[in-house]
Amino acid sequence: MSAPILTARDLSVHLGGKSRTFARPVAPVRAVDGVDLELRDGEILGLVGESGCGKTTLGRTLLGQQRETGGEIRLRGRLVSGLAPREARRARASIGYVHQDPGAALDPWWSIGATLHEGMRIGGVADRVDRERRIAEMLRAVGLDPSVQRRYPHELSGGQLRRIGLARVLVLRPEVVILDEPTSGLDLSVQATVLRLFRDLRAAYGLTYLFISHDLSVVRLMCERVAVMYLGRVVELAPTAEIFARPQHPYTRALIGAAPRLDPAGALAPPTLAGDPPSATRLPTGCRFRTRCVLAAPACAEADPRLEPAGPDHEVACLRWRDGR
Amino acid sequence: MTAPLLSVEDLSLSIRTPEGEARVLDRVSLDLQPGALLGLVGESGCGKSTLVKTVLGVLPPAARATGGRILLDGRDLLRLPQAVLAREVRGRRLGFIPQDPALALNPMFTVGTQLLEIWRWHAPEGEDRGRAAGRARILSLFRRVQIPDAEAALDRHPHQFSGGQRQRVLIAAALLCRPALLVADEPTTALDVTTQQQILSLLGELAAEYGLSVLFVTHDFGVVSAICTHVAVMYAGQMVEAGTKADVLGAPCHPYTAALLACHPDRMAELAGIPGAVPSPLTPPAGCRFHPRCDVAEAGCQARPAGLTPQPDGRGVGCIRFDPARPAA
Amino acid sequence: MPLALRRLLTDPSALLGLGILLVMLVCAVAGEQLVPYPEDAFDAKPWQRLEPPSAEFWFGTDGLGRDVFSRTIMGARVALMIALSVVVAAMLVGVPLGLLAGYHGGWLSEVVMRVTDVFQAVPQLVLALAFAAVMRPSVSSAMLALALTYWPFFCRIVYGETRRVKSGLFVDALQAQGAATGRILFLHVLPNVAPAIIVRATIGMGVTILVAATLGFLGMGAAPPTPEWGLMVAEARKDLPEGWWQSLFPGLAILLAVLGFNLVGDAVRDIADPRLRRSR
């Protein structure tokens, strides 16, 4: 097991929420609510969960773009939390973030080259010749011709924009790259080449990825470990093969059971989970999944379970995981 | 074999653009048998949405069908006047479930009002078009699609439903006037996996219960595996392969189908895409439009007219290199 | 921007507008060289009062015997000068304020937006009249009054556009890179807001010419003998209806100038879209 490069302890992020003069106070959204997570050097950690579970907020908080409400974040053992956004970004310069929609993350008025140069200038690479060399090298590494620098975002295809989004982050030589839904909206054939690129670049530059995705098939293919989030909390964390073979948390089981698989003999399965998740402004008492859980017992309304060991390198946050097998 | 409910025959379609004439559909054929759930799959730009719009008769003014027929109940939809299409076909014979349930309902009106409006215009022959009858029909459907508290749901506005519930409302709307054919355009793409599973399972049940035929447009082979009985694969405006789910997903015959399935993360041995890009419909390659990217292409591919060659086992394959004795993958 | 230019040159109404503005610009720059009687801008010639249009005086002469054609052509300079300086001054105040208020939000945006509310609650003309009334009538006081009342329009537009652009993902990406606020604001947000500013400015030039003429007509703008169109129409009143040419031609000049700016403004709105930019 390799050393952790990025760790979060009891991290929480509460969004919005304020007291108002003439109205009832607005309850905050507990987007991230007590997350423990560590990213190990060189791994691809998958972060899965349904929309609104807080996985994007968690990614942005680790990046430093969103300020944490509580808990701590360490980068290579150094404490980097508790800082104002600008300082937080400076302390975490070795973390890069690739947006879900890399096309929209580019200024439409700026050519690709200008955007790449700008990112490096902000990152402190003052020498223009040096920047040009690194940009050309990185564009080739992501499979694009350096002449693409003269183009504008609207002239490029979805696959090309993903590559630009990666190159933009990688020219800054990060150690950790947070990929937010890196394949959403891509066609299968393009997705395959982009996934290949992620793997090749990790090998070439010694990267560590936090791979945020809702596509379990892709996560299963790409990641070494998987963390499952539900309503702002990591509920299960295990190596990929282990979690798909022996999911312990009832939510993980429902999620894996619901994910469609390519299977010529496939048939309709009855729904594994009924209803919609409760609102993140008013979480249930005790375990937050108990309102939809098949294993829920009275005790689940009392205690809020934390991650506990449930096998080799396998952690689960459930009071009754032993009863579900 | 019984006569198909919906039959698209050699449909070609062009769209005028400032850059020239885009040949978006090239001699596309498709048969949908009664009771079948046909998955129409393909990557973006393959023409599956255009095909659906043509069947629904909601093409943009710049589009023009240049050949072929679309037969529903023995009538050619391309030759029916818009008024007849709107009154007698859409809604009544043909229900539509859109991709994004958030955009398909008017936020200003309650869902009850909007569904009653559909009933007033499209109620089947011989049924009471009145409010009371409509309301009763909507209520029974709301209960059937498992909308909790159906009575109160009628008086809610669209934003008061979750995404999954809104999609249930739209399924009820599509089924309201007892259509024989349901066209669903990526109905679960905007939903989470557990909600997607609920909706797919509901759609499957309803199709069996009412004997519906479903044309199910999707890009997700996992969804096709779960719900469809048949699959048709499109590439760059041409139909390349059609057959039962087990045949097409299990033993694809067209090189494109095989290559696309090999890109699926559940199938992928090594991570490799399909080299090249989908051609522009303004300047499509001659003959089989896949030949510039095809591993097994030969000179004759440029001369092969679009269309499926029927095989003895009932499937259709659009490739001259296909040898029935030896599947491509 | 070859494609944008091509769009502009194939749009007949844009071409008409451009043509009008070009003629106006030439008149403004080379007025004295073009007109038959450049000294008529200021000097009265009582012996040739109220001559109707003829080969000698194309637009006739006014009540003081000055050539209306010469004065109308030379009025272009005054009109353009007023329009340009008012719009530029209003932009210099309104654009930065709108950018800052839109980007930062909070109390700053509250203060700025409430001030613009106050200004926009009263019609611009009335407000400009009030400002002009407390100053000595002259071209520069008219300009000052117009600039003081026109900046809220820019501020509002820039504020709204900034709010829209700011929520875009690329601003988020820049913040994630650690870009300074000034860089984001002036190098990224401003260019994205620019099309709206350009459109507003172009149409605003037309509006300003009209309001300036109104001020001149009401005696709160340019003072005689400045060849200002509004003032010329006002001076023509005492000789109506016989001396119709005195008011008709400066009136037509106002109409054409406003039309030109509006046509060009509409065309710019259509082409000021970054998606029309091509790398080659």
Side-chain angles (χ1 to χ4, degrees), chain A residues 48-53 143 157-160 183-200 213-223 230 251 253-279 292, chain B residues 41-46 146 148 162-165 188 190-205 208 219-228 231 244-251 256 259-268 270-278 293:
Chain A
V48 302
E50 298 182 278
S51 52
C53 74
S157 71
Q160 285 172 318
T183 60
S184 75
L186 289 183
D187 279 320
L188 270 186
S189 61
V190 181
Q191 169 175 296
T193 56
V194 170
L195 292 179
R196 167 71 171 271
L197 182 68
F198 289 148
R199 267 205 192 153
D200 292 352
S213 180
H214 68 274
D215 187 334
L216 289 182
S217 293
V218 170
V219 166
R220 188 174 197 165
L221 182 75
M222 291 295 290
C223 302
Y230 183 76
Y251 176 65
R253 259 184 243 141
L255 201 59
I256 292 174
R261 304 262 296 154
L262 170 55
D263 176 7
L268 265 184
T272 53
L273 203 56
D276 296 307
S279 154
R292 303 168 79 196
Chain B
V41 291
E43 299 183 282
S44 43
C46 72
Q146 293 147 30
S162 69
Q165 298 299 344
T188 58
L191 305 176
D192 278 317
V193 282
T194 55
T195 317
Q196 163 170 288
Q197 194 193 25
Q198 295 167 10
I199 297 294
L200 289 180
S201 155
L202 177 68
L203 268 178
E205 280 171 26
H219 65 277
D220 188 336
F221 280 114
V223 170
V224 171
S225 300
I227 191 170
C228 295
V231 185
T244 63
K245 171 172 70 181
D247 280 346
V248 175
L249 300 190
Y256 174 68
L260 191 62
L261 283 168
C263 288
H264 194 281
D266 289 343
R267 276 282 166 88
M268 224 179 316
E270 78 235 41
L271 294 163
I274 305 175
V278 179
R293 301 172 76 188

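Since the model is a prediction, treat every value here as computed from it, not as a measurement. In what follows, chains are A, B, ... by sequence order, proteins preceding strands, each numbered from 1.
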J.: Hey, which of B:Asp266, B:Val278, B:Val193 has the most heavy atom pairs under 4.5 Å with chain A?
T.: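 Option with the greatest count: B:Asp266.
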J.: Between B:Asp192 and B:Thr195, is any side-chain donor less than 3.5 angstrom from a side-chain acceptor?
T.: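 No, no side-chain donor-acceptor pair sits under 3.5 Å.
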J.: Is B:Asp220 in contact with chain A via its backbone, its side chain, both, or neither, using a 4.5 Å heavy-atom distance?
T.: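 Contact with chain A: side chain only.
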J.: Name the member of B:Pro148, B:Cys263, B:Ser225, B:Ala277 that forms the most heavy-atom pairs with chain A at distances under 4.5 Å.
T.: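 It is B:Ser225.
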J.: Working to the nearest 0.5 Å, report the span between CZ of A:Arg261 and CD1 of A:Ile256.
T.: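 Rounded to the nearest 0.5 Å, the CZ-CD1 separation comes to 10.0 Å.
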J.: Out of B:Pro265, B:Gly273, B:Gly204, B:Ala246, return the one with the most heavy atom pairs under 4.5 angstrom to chain A.
T.: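 Of the candidates given, the most pairs with chain A belong to B:Pro265.
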J.: Counting heavy-atom pairs under 4.5 Å with chain A, which one of B:Leu249, B:Thr194, B:Ile274 comes out on top?
T.: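 Option with the greatest count: B:Thr194.
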J.: With a 4.5 angstrom heavy-atom cut-off, which part of A:Arg220 approaches chain B: side chain, backbone, both or neither?
T.: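 For A:Arg220, no heavy atom lies under 4.5 Å from chain B.
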J.: Can you tell me how far the NE2 atom of B:His219 sits from the CG atom of A:Asp187, to the nearest 0.5 Å?
T.: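 CG of A:Asp187 is found 8.0 Å from NE2 of B:His219.
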J.: Are any of the side-chain heavy atoms of B:His264 and A:Ser217 separated by less than 4.5 Å?
T.: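 SC-SC contact between B:His264 and A:Ser217 confirmed.
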J.: Would you compute the distance between atom CG of A:Leu273 and atom CZ of A:Arg253 and round it to the nearest 0.5 angstrom?
T.: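 Interatomic distance, A:Leu273 CG to A:Arg253 CZ, rounded to 0.5 Å: 12.5 Å.
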J.: Is a side-chain donor or acceptor of B:Thr244 paired with a backbone partner of B:Asp247 at a separation under 3.5 angstrom?
T.: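 Answer holds: yes.
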J.: If you count heavy-atom pairs under 4.5 Å between each of A:Ser157, A:Ala267, A:Ala259 and chain B, which one has the most?
T.: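 Maximum pair count with chain B is reached by A:Ala267.
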J.: Using the ring of each side chain (for Trp, its six-membered ring), is A:Tyr230 parallel, tilted or perpendicular to A:Tyr251, with breaks at 30° and 60°?
T.: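 A:Tyr230 vs A:Tyr251 ring planes: tilted.
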J.: In terms of heavy-atom pairs under 4.5 Å, which option from A:Thr193, A:Thr272, A:Thr183 contacts chain B the most?
T.: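 Among A:Thr193, A:Thr272, A:Thr183, the one with the most close pairs to chain B is A:Thr272.
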J.: Would you compute the distance between atom CD of B:Gln165 and atom CD1 of B:Ile199 and round it to the nearest 0.5 angstrom?
T.: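 With rounding to 0.5 Å, CD (B:Gln165) is 7.5 Å from CD1 (B:Ile199).
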J.: Which one, B:Gln146, B:Gln196, B:Arg267, leads in non-hydrogen pairs under 4.5 Å with chain A?
T.: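 Sorted descending by pairs with chain A, the first entry is B:Arg267.
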J.: Quick one: of A:Leu216, A:Leu197, A:Leu221, who has the most non-hydrogen atom pairs under 4.5 Å with chain B?
T.: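 So the answer, after comparing A:Leu216, A:Leu197, A:Leu221, is A:Leu221.
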J.: Identify which of A:Pro260, A:Gly52, A:Gly158 forms the greatest number of heavy-atom pairs closer than 4.5 Å to chain B.
T.: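 Greatest number of close heavy-atom pairs with chain B: A:Pro260.
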